[in-house]
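Everything numeric in this text was worked out from a predicted model, so none of it was measured. By convention in this document, chain letters (A, B, ...) are assigned in the order of the sequence lines, proteins followed by strands, and residues within each chain are numbered from 1.
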There are 2 protein chains.
Amino acid sequence: MPQGAFPATAPIEQVDVGEVIAARLRELLAEGKFVAGEQITEGSTAAAFNVSRGPVREAFKRLTQEGLLKSERNRGVFVPVLSVGDVEDNYLLREAVEGASLERLISRSNPAEYTRLGDLLDRFEQCLAEGAWDLADDLDLTFHKELVHAAGSRRLRHAFDSVIVETRMCLRALGFHHPEHPDMASWHRDILDAAVAGDAEGARRALRFHNATVLKDLRRSNEDTTTTGS
Amino acid sequence: MPQGAFPATAPIEQVDVGEVIAARLRELLAEGKFVAGEQITEGSTAAAFNVSRGPVREAFKRLTQEGLLKSERNRGVFVPVLSVGDVEDNYLLREAVEGASLERLISRSNPAEYTRLGDLLDRFEQCLAEGAWDLADDLDLTFHKELVHAAGSRRLRHAFDSVIVETRMCLRALGFHHPEHPDMASWHRDILDAAVAGDAEGARRALRFHNATVLKDLRRSNEDTTTTGS
DNA sequence: CAAGTGTACATTGCTGACAATCAGCAATGT
DNA sequence: ACATTGCTGATTGTCAGCAATGTACACTTG
């Protein structure tokens, strides 16, 4: 093309129906739109999305492998009933991946990433101050995600993206909302500060403390609800 | 059933064709039966297994998500071409999961598991002494797998089982065989010994050393082959 | 002969239909 | 009245076929 190149244009949106359905279901599950234990049939889902069962089937298989749905052969797929134990187990994997990402992030020490993450935390703290809980919740998620992405490992990122959806689904299913703890903001800041300082050990410790506190809160809040419920 | 209970019988083998195909392909890929970059079509695979394309499709999608195949929309799925960088990235995730498992294993401190793992290592060392490399390779894999399984975390196990298949495929694709290093046996023993002693930090260090050495060997061996090749 | 164009072939994406399986309930026999 | 059997409706598992897409190559045109 010697002259007058074709004007820049967005490529046509090529959608993989199965992937779209999986993404949409993931969202719905994370938002807690389904009740625990509920069965979701291929047929009804296909009808809802106005497609055949094929792509829906693919989406189900995928979500099942991610642990977001439970499948029983020749019976159907069900929304899992999640216990506090599940959240704890989920956090084991989550912390493993995020911790390794932190370490790698520090060893590569990219200032640009640090400022970006810092900006995220600024906005997060502002949301907390303003009481914009939902937005803060999103930013919390984004921070952790970006932290892992910044490590630059495809596989760590892939694993984390998968595990964090379950985290969210778990917490939502148990009626737990993040920003309930007053020290919320400082935990994240501690992690990032340690990373910027190149203190891998400290960053890991801060991350561990963050997670342990969330789990402790969750256990307490869960005990409250179960006792008041019965 | 008052008397004469029905004689014990194994339940009928209920197979999910897609799952079986995925497992078989996983095996073939780990064994390096496909050449890197090769295309694998749904049709030919379906014909080879004498089933329709449906289950094959599911298997492909699954393996793609596990990172064992690469899929291009409307083009087909291909055997990925793996670089040393891929192995390094794979080891990042692998070490994260195995390290977390080690930690949890230690904190739960189950003597029965330790003896079982010790027995595995005994057999492993014997194979090394006898020069039974293939069997040693298997036992090596089994040891790591059982180590993670012994941690008792469903999600850590699931993640590890997934990642280790890719490890194997990577190493095989790069023409690397494990038991080439003389200190092979002691590494594993160091990990287990530290775990038995309740030394989480030492176990992690031993694991890290083990992996770092494998990667170093790999980089060296790969440089050799590439230089001799060109 | 070079550059662009049109066509044929291969492969995936999706659909609708059929077969296998399962949980629950009614029918049957003791 | 109780246990077992057989049926029923629903759901998944599998299949073959059609449409959409992408690649390769021969063809036209300058």
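- For H144(A), the ring pair (Phe, Tyr, Trp, His ring centres under 6.0 Å) criterion is met by H188(A), H210(A), not counting sequence neighbours.
- By the salt bridge (Lys or Arg N to Asp or Glu O under 4.0 Å) test, D138(A) pairs with R168(A), sequence neighbours left out.
- With axes fitted over five pairs at each extremity, the angle between the ends of the helix from dC1(C)-dG30(D) to dT30(C)-dA1(D) is 20° (10° resolution).
- The side chain to side chain contact (heavy atoms under 4.5 Å, CB included) check on T41(B) picks up Q39(B), S44(B), with sequence neighbours excluded.
- Considering only residues two or more places apart in sequence or on other chains, E31(B) meets the salt bridge (Lys or Arg N to Asp or Glu O under 4.0 Å) condition with none of them.
- For T142(B), the side chain to side chain contact (heavy atoms under 4.5 Å, CB included) test picks out L120(B), E146(B), with sequence neighbours left out.
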Cut-off 3.5 Å, no hydrogens considered: what does the side-chain donor-acceptor table look like for residues 47-56 of chain B, sequence neighbours left out?
{"residue": "S52(B)", "atom": "OG", "partner": "G54(B)", "partner atom": "N", "Å": "3.3"}
{"residue": "R53(B)", "atom": "NE", "partner": "E42(B)", "partner atom": "OE1", "Å": "3.0"}
{"residue": "R53(B)", "atom": "NH2", "partner": "E42(B)", "partner atom": "OE1", "Å": "3.1"}

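- A donor-acceptor pair under 3.5 Å is absent between the side-chain atoms of S162(A) and the main chain of H158(A), judged by distance alone.
- Shown here are the side chain to side chain donor-acceptor pair (under 3.5 Å) partners of R172(B), two or more places apart in sequence or in another chain: there are none.
- The span of DNA chain C lying next to chain B, judged by atoms under 4.0 Å from heavy atoms, is bounded 5' to 3' by dT11(C) to dC22(C).
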All N/O pairs under 3.5 Å across the protein-nucleotides 12-15 of chain D interface:
{"residue": "dT12(D)", "atom": "OP1", "partner": "E42(A)", "partner atom": "N", "Å": "3.3"}
{"residue": "dT12(D)", "atom": "OP2", "partner": "E42(A)", "partner atom": "N", "Å": "3.2"}
{"residue": "dG13(D)", "atom": "OP2", "partner": "R57(A)", "partner atom": "NH1", "Å": "2.8"}
{"residue": "dG13(D)", "atom": "OP2", "partner": "R57(A)", "partner atom": "NH2", "Å": "2.9"}
{"residue": "dG13(D)", "atom": "O5'", "partner": "R57(A)", "partner atom": "NH2", "Å": "3.4"}
{"residue": "dG13(D)", "atom": "N7", "partner": "R53(A)", "partner atom": "NH2", "Å": "3.0"}
{"residue": "dG13(D)", "atom": "O6", "partner": "R53(A)", "partner atom": "NH1", "Å": "3.2"}
{"residue": "dT14(D)", "atom": "OP1", "partner": "V17(B)", "partner atom": "N", "Å": "3.2"}
{"residue": "dC15(D)", "atom": "OP2", "partner": "S52(B)", "partner atom": "N", "Å": "2.9"}
{"residue": "dC15(D)", "atom": "OP2", "partner": "S52(B)", "partner atom": "OG", "Å": "3.2"}

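- L215(A) pairs by the side chain to side chain contact (heavy atoms under 4.5 Å, CB included) definition with V87(A), E88(A), Y91(A), L218(A), R219(A), not counting sequence neighbours.
- Taking E103(A) as the reference, R204(A), R208(B) meet the side chain to side chain donor-acceptor pair (under 3.5 Å) condition, with sequence neighbours excluded.
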